Amino acid sequence: PGDTDETTSISLKMESIALINYYCYEKYFNHAVIAATAAKRKFSHDPIYTFFHAFGTLMQDQIQEASAELDTIRDSRDVSLCTLMALVYAEKKQKNPDREVIQELDAKVKEDRKSASPKSLYYAGMFLWLIGRNDKAREYIDRMIKLSNAPREGIILKAWIDVTSGKDAYIRKSGKYFDEGLKEKADVFSLMGKAQYYEYRQNYSGALEMVNQVIVGFPGYIPALIKKMKLLLSLQDWEQTIDAAHRLLQKDKNNPEALRMLAVHSVCRDGDIIEVKFPFHIFVVKSKEPHDLCEICSSITVLVFVFLKCGRNEKVIEQTFRMVERAFSVASGDSDFATELGYQMVLQGRIKEAMKWYKTALTLDESTFSALTGLIRCQLIEGHFDDAEHQLEFLTEIQQSIGKSGELLYLRAFLAVKKCRPQEDVTNLLNDAVDTHFSTLQGLPLGVEYFEKLNPDFLLEIVKEYLALCPAKPPAQGQPPPPQLQHCATLLNTVVKLVPGLLQGVFLLAKVRYQSGDIDAAQSSLQHCLEQCPSHADAHLLMAQIHLLQGNFTLCSQSLELCLSHNFEIREHPLYHLIKAQAKKKMGELTEAIQTLQMAMSLPGVRRAGSSSKSKNKKIELSTADCVSVFLELAEALWLNGEQHEAAKVIQDAINEFSGTPEELRVTIANADLALLRGDTELALSMLRNITPEQPYYIQTKEKMAEIYLNHRKEKRLYASCYREMVEKLPSTHTYLLLGDAYMHIQEPENAIEVYEHALKKNPKDGALASKIGKALVKTHNYVKAINYYEAALKTEQQNFLRYDLAELLMKMKQYERCERILHQALAHEPVNELPTLSDDCRYLVLLAKIQNKVDKNEDALLSLQKVLKRVQLEQPDAIPMQKQLAAEICAEIAKHYTSQRGYERAVKFYKEALVYCETDRKVMLELARLYLTLDEVDACQEQCSVILKNDQFNEEATLMMADIMFRKQDYEQAVFHFQQLLERKPDNYPTLTRLIDLLRRAGKLEEIPRFLDMAEKHSSRTKFDPGFNYCKGLYLWYTGEPNDALRHFNKARKDNDWGQNAVYNMIEIYLNPDNDTMGGEVFENLDGDIGNSTEKQESEQLAVRTAEKLLKEIKPQTAGGHIQLRILENYCLLATKQKGNVEKALNVFTEIANSEKDHMSALLAMATAYMMLKQTPRARNQLKRIAKMNWTIVDADEFEKSWLLLADIYIHSGKYDMAGDLLKRCLNHNKSCCKAYEYLGYIMEKEQAFRDAALNYELAWKFGNQTNPTIGYKLAFNYLKAKRHVDAIDVCHKVLAAHPNYPKMRKDILDKARAALRS
């Protein structure tokens, strides 16, 4: 037990010394004093703790107290040497050091060192290490190791001295020393040292393993928790970092490191300023370290850094300013605080006061570099360019001795802009500034220091300067964005990845993406920005610009209104008025646009190019490009409004205002446009000819000249020569690309290919060029050469993405096998997690699915895409919209497949999933609504249509479906209103008219159709010849029982691309069943008497079948379903011959189709019809019952009707009138014009002797058959006679006999009897 107690005591001593060492090394000297006091109480006999107590006191500048305490232990053997050294150090810290005392103490140190014990040398080495004299400390420890034969504690301390020396050669050796010490025993000091070594070598996982051992073995050792928190951040694991910070605060509730980490996290990651407890952080440090100005300064710096992450929030500026002011009051001689106060003044826009503070800082320490650069910044802001230039020249000269500075290079770039130096010079300086700035971050682990040195606010300043060099609008299609935007994107991606809470960074990234032409990514960034801060005015303005670019004027206005509702001061921002006016102009509201632009012109800043104005103390930045845009937009609006003279005056004002600025050429181009509007092409060209290649907008000017030559003078040769001149004067991939595109535009693809190939030699890895060559070859119809080109490019393995272009071309050429092989090659690689590869795989799988038309490939694509989505949300949050769009397309493809297979439930599921990915996809919404209508789920369909019509009130498809729904709900007026809306706007909208005719038929309102046909006919004198009109007219005539006239009209539409196929289908149906009889039905089979079996009728039927067979050859199905339908119709022709052999042959085909295609309605009905013809009624009934159990769909509406009628026929024939009646009511529920259903109901009533009811049903059959069918006329007259309605019977007889004078039995059985009854 005694040995155990002693071991525990030694372990505790080592832990306490390690803790005090940590505090001393990290300069938490007050913490070190507290820890030493506690250790003195616990280990009263050990003078080392008195030494540490005195050392901590000394380092807080309490020299007298420290010296007195050191005097008490100067004779203690183990600590005498380090005490004497400390007394020398203390004397040197005095304001007036006593040289004699120092000499005396130094002599004593030298004398004692000769006979010092190993322990004494150890503590002396430790003291020297703690005051930063590593080389001297190493000498003492080496001597101690030699004297005592390499003791473990000496080796560990030597390792610490080496690992903190800052010299790579020593640091590398330290790892070996730590390992040697750890072999014997793993204590706190050695484990933390090994962690420090691993951290230096950037092996953060190894360091974390060491620290975890300390936490487990020595749970009370706070520095281990601090180190763990920092290491987790170095590993970029924010979640665990924050957990570690909270655990640290549980053990030490005011721990400054933990509080600092939480503050950094709140702002950097979440952008949450409210969560950051600014004042407490500084007061915590002050309460624990009241005399430690270094620590106060460090904390202030961190808080200012935190502020910078917040995008210059005004409330935060107040907090940080008060803190820095307080810190300066405590340490008025500290130049760093004076410099910081200067910077705080700059942030508040108080430039003159800022200059005073910077001068104060330079008075305190004339070598303060940050104060010098701050002063130069102020001079530049105030417009004192010459003063700033002299200062910058001086600093640039001494830069070799002080090292390059990113800040200095940025200020030089800023001055170059103000002095209108060439863009290239400015860009080079900015590039240097970025490279220099990032070089200071190399090898630095992610942590508070990294964020301070990263200085995102400075990087955003650089981004703004880059942006000022770029056009404000996205580049034209095919034109690459300026290289400065690529620099911006790289910078901002770094900033946003590290500091996602910095909304200004996210906004600027959106702006860069917008100006680069990546609109989807820009919108995504803005959406994120506005979700975090709905009042972000600039984000709303940029969103409005994007909507304007996309032609969404309503959404543009909404964004502007939102912007105004969040920030009323935006009315004083010219950009707000500019965008608003552009939207008004696009909508044709020229007067309002002019008024808005005139208001913008009156705002401060617009008439002083590139200036800024102050609105209620808030500075409004306005670029020169935006100022020019206000002038040019006003000039254009005035011209369009017929105010040519005023427009010319505005252009002249712009010329005067912007002369000598980089934007001057934009005004010249606009002036040329005005000349063109006046018809003076020569004047326009003369304005543009003088522009030289050195000037900005040279390319845009040449493009304008080319456009004039092509569109106004129709000179293709001169059009191309403009682009050739561009290539000669500014040879680059971009200008070659423009020349190639120009040749393509004037239909000279051979020349274009030559130019593209030349450009590709200059830039062999440019995939866009390679793709253009392939497309140019396709344009020349040189498909084989295009394929060969793609394949050759793929062999170089530099153009892998061309594989997709090749596959697409092969698919277009219907070379499916080769296409499939190419896609399989593309997909044949090891599983990967890289985002671009996963995205490519998805595209390949979608194309493969289209070729194979197999749903499992689509599902593979969906799985791959979901994998992409998960990765992309972590790594590229702004790539999501593009990926989601692709996911939505794949889901829609799968849904279409299930719809074609009648797997409606799964189709609905996938359409819904598509809307999860892309909730505003109108195409998918329409498909889903259509599917709901097919499933007769009218409420769900109505809900989808309402959403569509809310955003697009004239959407044709949605309006049609709404009309359909209203019909089903028997709200006929509302239904017709929806159609009327569409047809009044466009009477020749024949697809809509087709739907209306079908729905009016189903509603029993056939009499309303002619007015819509008349409306279409009056719309144009050519209407009667239009295939669409003839199709609609044929449909109406067919539905009203006039098959011959219907055939004549369908025949006129038969050769048309759009209407031909449907017209031919309808013609075949009419030829096979002109009287719309129930094929296979037995009830009315023999009622026609002699007419039914006449030779003349049989010959007529055979001729009709032959005509139908000829027409079948004209059908060219495009889908698998279309091919099946064609086979069914071909075999219906066999049924129509009524020959047993043919019927059996047809039955075999129908059975085969029904077996391969589950629940195929047409095939099942055809089987039942064939069985009826073969007198196999039970088999027919089984198939028809199967259909009767299915859900009705509008797609198969006619098949359902025919099958219900045939089953009703079977039931009537077997006397099951109730069952037949239910089926017939079902028919009428879905088609109120169904003559056959009324005829069957009349027949049932007649059989039941209910002649009045029979007459009512025959009456409706007669009405909806347009009083043309003599058989129904005969039955109606007969039942009128039986019901004693003699006059009505006579009327019907006259109508039938007028059309069919020899209709049998009509005169004798009905007409004569009715007349006789009347006479009697």
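This is a predicted model, so every value here is computed, not measured.
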Query raised in the report: What residue pairs, at least two apart or across chains, pass salt bridge (charged side-chain N to carboxylate O under 4.0 Å, His left out) with a residue in residues 938-947?
Result: D939-K969
Report task. Sequence neighbours left out, what passes side chain to side chain contact (heavy atoms under 4.5 Å, CB included) with A958? Give chain and number order. Result -> L926, C945, I948, L949, N955
Query raised in the report: Side chains of M925 and R930: closer than 4.5 Å at any heavy-atom pair?
Result: no
Requested in this report: If the plane angle is over 60° it's perpendicular, under 30° parallel, otherwise tilted; pick one for H487 and Y466.
Outcome: parallel
Report task. Only counting residues at least two apart or in another chain, list the ones meeting salt bridge (Lys or Arg N to Asp or Glu O under 4.0 Å) with R571. Result -> none
Report task. Sequence neighbours left out, what passes salt bridge (Lys or Arg N to Asp or Glu O under 4.0 Å) with E561? Give chain and number order. Result -> none
Query raised in the report: Is K464 close to Q504 at the side-chain level, that is, under 4.5 Å between some pair of heavy atoms?
Result: yes
Requested in this report: Starting from the C-alpha separation in whole Å, work towards a yes-or-no answer on side chain to side chain contact (heavy atoms under 4.5 Å, CB included) for H540 and L560.
Outcome: CA-CA 7 Å; H540 281 297; L560 291 172; over 6 Å; no
Report task. Working to the nearest 0.5 Å, report the span between OG1 of T596 and CG of L634. Result -> 10.5 Å
Query raised in the report: Do C556 and I579 have side chains that get closer than 4.5 Å, going by heavy atoms?
Result: yes
Report task. Would you sort out whether V499 and L454 count as a side chain to side chain contact (heavy atoms under 4.5 Å, CB included), showing the intermediate values? Result -> CA-CA 10 Å; V499 193; L454 178 69; 4.3 Å; yes
Report summary line: Taken in chain and number order and not counting sequence neighbours, the residues that satisfy salt bridge (Lys or Arg N to Asp or Glu O under 4.0 Å) with K950 are none
Query raised in the report: Closest approach of Q348 and R350, non-hydrogen atoms and distance?
Result: OE1-NH1, 2.7 Å
Query raised in the report: Looking at residues at least two apart in the chain, or sitting in another chain, which of them share a side-chain hydrogen bond (donor to acceptor under 3.5 Å, both in side chains) with S629?
Result: R666
**Report entry** Nearest atoms (heavy-atom pairs only) where L578 meets D626
**Finding:** CD2-O, 4.1 Å
Requested in this report: Answer yes when E957 and R922 have at least one side-chain N-carboxylate O distance shorter than 4.0 Å, and no when they do not.
Outcome: no
Query raised in the report: Who passes side-chain hydrogen bond (donor to acceptor under 3.5 Å, both in side chains) against E646, sequence neighbours left out?
Result: none
Report summary line: The side chain to side chain contact (heavy atoms under 4.5 Å, CB included) partners of S535 (sequence neighbours excluded) come to C533, H566
Query raised in the report: Do E465 and Y410 have side-chain heavy atoms sitting under 4.5 Å apart?
Result: yes
Query raised in the report: Got a second to check how far Q523's CD is from C529's SG, nearest 0.5 Å?
Result: 13.5 Å
Report task. Any chance you could measure Y576, atom OH, to L541, atom CG, to the nearest 0.5 Å? Result -> 9.0 Å
Query raised in the report: Are the side chains of L632 and I669 in touch, meaning some heavy atoms are under 4.5 Å apart?
Result: no
Query raised in the report: Is any side-chain heavy atom of K586 closer than 4.5 Å to a side-chain heavy atom of Q582?
Result: no
Query raised in the report: So, for V346 and C378, which heavy atoms are closest and what is the spacing to 0.1 Å?
Result: CG2-SG, 3.8 Å
**Report entry** Under 3.5 Å donor-acceptor, S524 side chain and D520 backbone
**Finding:** no
Report task. Step through the shown structure and confirm whether more than 12 heavy atoms of other residues, nucleotides or ligands are within 6.0 Å of CD on E239. Result -> no
Requested in this report: Sequence neighbours left out, what pairs pass ring-ring contact (aromatic ring centres under 6.0 Å, His included) with at least one residue falling in residues 495-519?
Outcome: F507-H536
Report summary line: salt bridge (Lys or Arg N to Asp or Glu O under 4.0 Å) filter on E643, not counting sequence neighbours, yields none
Query - Nearest heavy-atom neighbours spanning L597 and A581 - result: CG-CB, 3.4 Å
Report summary line: CG of L640 to CG of L590, rounded to nearest 0.5 Å, is 5.5 Å
Query raised in the report: How many angstroms lie between CG in N455 and CD in E461, if you round to the nearest 0.5 Å?
Result: 9.0 Å
Report summary line: Taken in chain and number order and not counting sequence neighbours, the residues that satisfy side-chain hydrogen bond (donor to acceptor under 3.5 Å, both in side chains) with Q545 are none
Requested in this report: Kindly give the heavy-atom pair with the smallest separation between M961 and A929, and that separation in Å.
Outcome: SD-C, 3.6 Å
Requested in this report: Output yes when a side-chain donor or acceptor of S565 lies under 3.5 Å from a complementary backbone atom of L562, and no otherwise.
Outcome: yes
Query raised in the report: Can you tell me if NZ on K580 sees more than 12 non-hydrogen neighbours from other groups inside 6.0 Å?
Result: no
Query raised in the report: Could you walk me through whether L603 and V630 pass the side chain to side chain contact (heavy atoms under 4.5 Å, CB included) check?
Result: CA-CA 11 Å; L603 292 170; V630 174; over 6 Å; no
Report task. Check step by step if side chain to side chain contact (heavy atoms under 4.5 Å, CB included) holds for E636 and W639. Result -> CA-CA 5 Å; E636 190 182 347; W639 181 274; 5.7 Å; no
Query raised in the report: Is there a side-chain contact between L549 and P474 (heavy atoms, below 4.5 Å)?
Result: yes
Query raised in the report: With T494, which of L492, V496, L498 fulfils side chain to side chain contact (heavy atoms under 4.5 Å, CB included)?
Result: L498
Query - Side chain to side chain, S946 and M962, heavy atoms closer than 4.5 Å - result: yes
Requested in this report: Supply the atom-to-atom distance K511 NZ to S516 OG, rounded to the nearest 0.5 angstrom.
Outcome: 12.0 Å
**Report entry** Heavy-atom donor-acceptor pair, N493 side chain to A489 backbone, under 3.5 Å
**Finding:** yes
Requested in this report: Identify, with sequence neighbours excluded, every residue that meets side-chain hydrogen bond (donor to acceptor under 3.5 Å, both in side chains) alongside E382.
Outcome: K352
Query - Closest approach of A413 to L430 (non-hydrogen atoms, all atoms of both residues) - result: CB-CD2, 3.7 Å
